[in-house]
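Keep in mind that this is a model prediction, so the values were computed, not measured. Every heavy atom of this structure was used, including side-chain atoms; hydrogens, water molecules and symmetry mates were not. Every chain is numbered from 1 and lettered A, B, ... according to where its sequence line falls, protein lines coming before strand lines.
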Protein chains: 2
Amino acid sequence: MGAMSRAEATHGVPDRLRGRASRLLSQLTTRSDRLINDGLARADARKWHYAVLASLQDHGPGSQAALSRRTGIYRSDMVGVIDELTERQLVERAPDPADRRRNLITISARGRRRLRRLDDVLDELHDELLAPLDQAERDQFVTLLTRLLDHHSDAPDRADGGS
Amino acid sequence: MGAMSRAEATHGVPDRLRGRASRLLSQLTTRSDRLINDGLARADARKWHYAVLASLQDHGPGSQAALSRRTGIYRSDMVGVIDELTERQLVERAPDPADRRRNLITISARGRRRLRRLDDVLDELHDELLAPLDQAERDQFVTLLTRLLDHHSDAPDRADGGS
DNA sequence: CGTTCGCCGTTAGTGCCACTAACGGTGTCG
DNA sequence: CGACACCGTTAGTGGCACTAACGGCGAACG
């Protein structure tokens, strides 16, 4: 009981569905992605641009494969992202003299300015995303997400499930 | 404080990225979706099957458009879902005598059995998904997700931002 | 020294999903 | 009757995660 909450927004979505964390995650992420993508598009950027620029700023230059690992963007997709960033002169792509397999990606001054701008944009967007939560709840939310994500990151181990 | 948690899994992902709720959501949802999809695939089902069956069970028969609204599945995609469910004889699709525009979708006995099975499967999968959280935290998590989703559901109104 | 193995960047393509556009068939309202 | 809205359907778009395969290069080993 008491779980009635506001019975208004309920078009007739069964509780079975409404309470499933996986469904809540999917739907919320769809909306979150749209919010963020639209917001970044208005600034002529995409999520991946931010991820790469942030990684370069915080951890220095790196090969495309390294960036791929740092950001979670797939190797195959990284090519295009670097292309776009290069077009906009936010990064530079140069062959690594020390290892001629690699392209060394470096953030430019312009890229740093852009990153600062995108950080502001994202702050605003997240404020909108998390609007209904107070600060303590936002922290709580991020903590829970982080714990879940850590748990499901790679290494499925052979944790349990003897067999 | 204390938010340090295990500093291990950090390959070198910048804090800027790690702490962004939108990113945590995206990544966690990717993993969650994979978990759920794989699990359901093993039972010859998909998320959409469950959504439709649950909606039919809890709210009775309905037109495809109604199901679309109840489940959040797009009208265009609903066709194929009903096709698949019909193939498996989990639902029946019949023209609505009262309104010849409509197809009335009804769940079959077999569909009800299937739904019960899928509920079990999903229970297990969610247990895996939420493994690192205790019951109170799971509830908290679901509550936060629900509040956020409600806030971002449809009707952006003209809340603020005049123009 | 040469062979094997692995990583690197790149291209092409797959599948899922949310979403748009357009169509003909059908009901409703004025 | 005519305008309009809804219904189911088809086709197609774009983003994203992911796979497969390739040639270029480096490192390790015998």
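Side-chain nitrogen and oxygen atoms of A/Asn103 include at least one within less than 4.0 Å of the OP1 or OP2 phosphate oxygen of C/dT10. Contact between the side-chain N/O atoms of A/Arg102 and the OP1/OP2 oxygens of D/dG24 is not found at any separation under 4.0 Å. For D/dC6, neither phosphate oxygen OP1 nor OP2 lies less than 4.0 angstrom from any side-chain nitrogen or oxygen of B/Gln64.
In this structure, A/Arg93 places its CZ atom 10 Å from C1' of C/dT10, rounding to the nearest Å. The separation between A/Gln27 atom CD and C/dC17 atom P is 13 Å, rounded to whole Å. Atom CZ in B/Arg46 sits roughly 11 Å away from atom P in C/dA18 (whole-Å rounding). Atom-to-atom, CG of A/Asp96 to P of C/dC7 comes out at 17 Å; the value is rounded to the nearest Å. Atom C1' of nucleotide D/dT19 and atom OH of A/Tyr74 are separated by 8 Å, given to the nearest angstrom. Going from atom CG of A/Leu104 over to atom P of D/dC25 covers 16 Å, rounded to whole Å. Atom CE in B/Met78 sits roughly 13 Å away from atom C1' in C/dA18 (whole-Å rounding). We find that CD1 of B/Ile82 is positioned 9 Å from P of D/dT9, with the value rounded to whole Å.
Judged purely by distance below 3.5 Å, without hydrogens or angles, the side chains of A/Asp33 and B/Ser26 pair a donor atom with an acceptor atom. Inspection of the B/Arg75 and B/Ser68 side chains reveals no N or O donor paired with an N or O acceptor under 3.5 Å. Under the 3.5 Å distance criterion, with hydrogens and angles disregarded, no donor-acceptor pair is assigned to the side chains of B/Gln64 and B/Arg102.
Counting only heavy atoms from C-beta on, A/Trp48 has its side chain closest to D/dC16 among C/dC17, D/dC7, D/dC16. For A/Arg101, whose side chain is taken as the heavy atoms from C-beta onward, the closest listed nucleotide among D/dG24, D/dT9, C/dT10 is D/dG24. Closest approach to the B/Lys47 side chain among C/dC17, C/dT10, D/dC16 is made by C/dC17 (side chain taken as heavy atoms from C-beta onward). Considering only side-chain atoms of A/Arg69, the nucleotide from D/dT10, C/dC8, D/dG26 that sits closest is C/dC8.
Between A/Arg100 and B/Ala66, the residue whose closest nucleotide on DNA chain D is further toward the 5' end is B/Ala66. The residue among A/Arg75 and B/Asp83 whose nearest nucleotide of DNA chain D lies closer to the 5′ end is B/Asp83. Looking at which nucleotide of DNA chain C each of A/Val79 and A/Ser26 is closest to, the 5′-most match is held by A/Val79.
Evaluation of atom-type donor-acceptor distances gives no pair under 3.5 Å for the side chain of B/Ser76 against the base of D/dT9.
A/Asp77 comes within 4.0 angstrom of a nucleotide base, judged by non-hydrogen atoms across all strands.
Looking at A/Arg138, its side chain does come within 3.5 Å of a backbone N or O of A/Leu130 through a donor-acceptor pair. Listed for the A/Thr143 side chain is a donor-acceptor partner under 3.5 Å among the backbone atoms of A/Asp139.
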